[in-house]
Protein chains: 2
Amino acid sequence: MATGRTHRPATRSRGIPEATVARLPLYLRALTALSERSVPTVSSEELAAAAGVNSAKLRKDFSYLGSYGTRGVGYDVEYLVYQISRELGLTQDWPVVIVGIGNLGAALANYGGFASRGFRVAALIDADPALTGRAVAGIPVQHTDDLEKIIQDNGVSIGVIATPAGAAQQVCDRLVAAGVTSILNFAPTVLSVPDGVDVRKVDLSIELQILAFHEQRKAGEEAATPDGGGPAAVARKESADKGPDGDVPAVMPA
Amino acid sequence: MATGRTHRPATRSRGIPEATVARLPLYLRALTALSERSVPTVSSEELAAAAGVNSAKLRKDFSYLGSYGTRGVGYDVEYLVYQISRELGLTQDWPVVIVGIGNLGAALANYGGFASRGFRVAALIDADPALTGRAVAGIPVQHTDDLEKIIQDNGVSIGVIATPAGAAQQVCDRLVAAGVTSILNFAPTVLSVPDGVDVRKVDLSIELQILAFHEQRKAGEEAATPDGGGPAAVARKESADKGPDGDVPAVMPA
DNA sequence: CCATCTTTGTGCACGCGTTCACAAAGACAT
DNA sequence: ATGTCTTTGTGAACGCGTGCACAAAGATGG
């Protein structure tokens, strides 16, 4: 750990820019919606609008995948769905384990967006013996003691961590040791992983803080807006000193 | 609803780059942890390691806020905590409403990371009459009919959407009409909002799809191994880029 | 077959973000 | 004071991502 030096030299995965990869799921969702409405073809302009991006960007993104469009017509929806799915690896089955079955873990287990895209919740794991055996989203919760066996028996390579912050690194280490090479982390902690292991982080409070920053800026500049005093919240008198409020937020209080 | 402009206006918010703003919460968390351990000062190198970023990047980030460090010593932890909190607008109270109290909404309501950073869940809102009146995380759920009144009475400017995809746009429109100017969207949909409203998106399935892409690539490059290709990929020393600092992505602004 | 129209695919330029490398600044010891 | 040591703050170079603008490619109609 302590990745002191040699950071990633280039972030191009097989010639496809990382930024493009991050948008492919967006296109895929829009295309899937079109497919369900039996729309045969779509132009870059239309699809871009549906995905909320610039049409030039979309065309460039697709150009990295190959030339799948027809000039003067657009893109074949079904064909493009297949190509993007294949590129993202969604044509195969990805068994996933969720560790930490609190409120968030349960929400994830129930989330329908997984199964519809090749992800299969292979197991739910929690350290609380009281949960063991109970079913969440129709899947029985298993105890952390069996983590390694579960990973290996199911050939799991993607793990989701939804534990409290304090347990995240330990769980991460065990997942990696057992063979997991991709981790989606919901715990508010920086995880250390060896090279070759991908970690993506989702942090609910960080997103809100970024919004707060912009919100504060908007409120501050609103003093000059022509529009009458908006009903927007007035900057309340600060008072709550940072205080040592239990910062370490447990993702779930069991 | 002409164009779904959900991407940031690329406006250098008060001279502070967007990328820097996105990292400030990361620094803040690391600093808070140091503060609780009564560490008086910290060097850019140490703090960068704790936050999982490059030290040069961290110093440049702080340089946008001003010169808060002492050469030869480092940064005063308490002072920096205050400066970043103030910059992010966390020294004031931010009432927030959560719309859609399903599994995810409940998880968010219970999430401890909000209250500890100036965010206060002012209300929970759901369209299901069966939920109305029931308490989740100690907060009574109110009906969607009262959405506008709740927003205005509480001076809410930040809304969290955790509804099914089909209801998201409608909820969004009502929130915006009632005065909300920042939205955190968990529904898998592209929201259309007028200028001046910020939207940040968190999409669980998109993150997994991005991981799957890299996972597939790793597996594909390992095909050279004599093994017939078992489903379980072995963590192997490989030049898998994508450094340890998994930045958000999609959310990126998504 | 030719003209015209539509839409893709991409060369190019620009700006943002990242990283390096080092001078400036302060602490500390002598 | 002076020198040495540590660490910040930043100028500059570089690479990536984005968006413009247009030529190429194919459809379509006469």
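We name chains A, B, ... by the order of the sequence lines, and we start the count at 1 in each one.
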Participant: Is there a donor in the side chain of A:Thr32 and an acceptor in the side chain of A:Glu36, or the other way round, less than 3.5 Å apart?
Facilitator: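 Not at all, the side chains of A:Thr32 and A:Glu36 share no donor-acceptor pair under 3.5 Å.
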Participant: Does a donor on one side chain and an acceptor on the other come within less than 3.5 Å for A:Asp198 and A:Ser182?
Facilitator: no
Participant: Separation of A:Asp61 atom CG from D:dC16 atom C1', in whole Å?
Facilitator: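 Rounded to whole Å, this separation is 13 Å.
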Participant: Between atom CD in B:Glu18 and atom C1' in C:dG17, what is the gap in whole Å?
Facilitator: 12 Å
Participant: Would a distance-only check, ignoring hydrogens and angles, find a side-chain to backbone donor-acceptor pair under 3.5 Å from A:Glu45 to A:Ser55?
Facilitator: no
Participant: Which pairs, protein N/O on one side and nucleotides 3-10 of chain D N/O on the other, fall under 3.5 Å?
Facilitator:
residue: D:dT7; atom: O4'; partner: B:Gly72; partner atom: N; Å: 3.1
residue: D:dT8; atom: OP1; partner: B:Ser44; partner atom: N; Å: 2.5
residue: D:dT8; atom: OP2; partner: B:Ser44; partner atom: OG; Å: 2.6
residue: D:dT8; atom: O2; partner: B:Arg71; partner atom: NH1; Å: 2.9
residue: D:dG9; atom: OP1; partner: B:Gly69; partner atom: N; Å: 3.0
residue: D:dG9; atom: OP2; partner: B:Tyr75; partner atom: OH; Å: 2.7
residue: D:dG9; atom: O4'; partner: B:Arg71; partner atom: NH2; Å: 2.9
residue: D:dG9; atom: N7; partner: B:Arg59; partner atom: NE; Å: 2.9
residue: D:dG9; atom: O6; partner: B:Arg59; partner atom: NH2; Å: 3.2

Participant: Check whether any side-chain heavy atom of A:Arg29 lies under 4.5 Å from a side-chain heavy atom of A:Pro25, and answer yes or no.
Facilitator: no
Participant: How long is the line joining CG of B:Asn54 and P of C:dG17, in whole Å?
Facilitator: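 Atom-to-atom, B:Asn54 to C:dG17, this comes out as 16 Å.
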Participant: Find out whether A:Gln170 and A:Thr163 are in side-chain contact, i.e. whether some heavy atom of one side chain is under 4.5 Å from a heavy atom of the other.
Facilitator: no
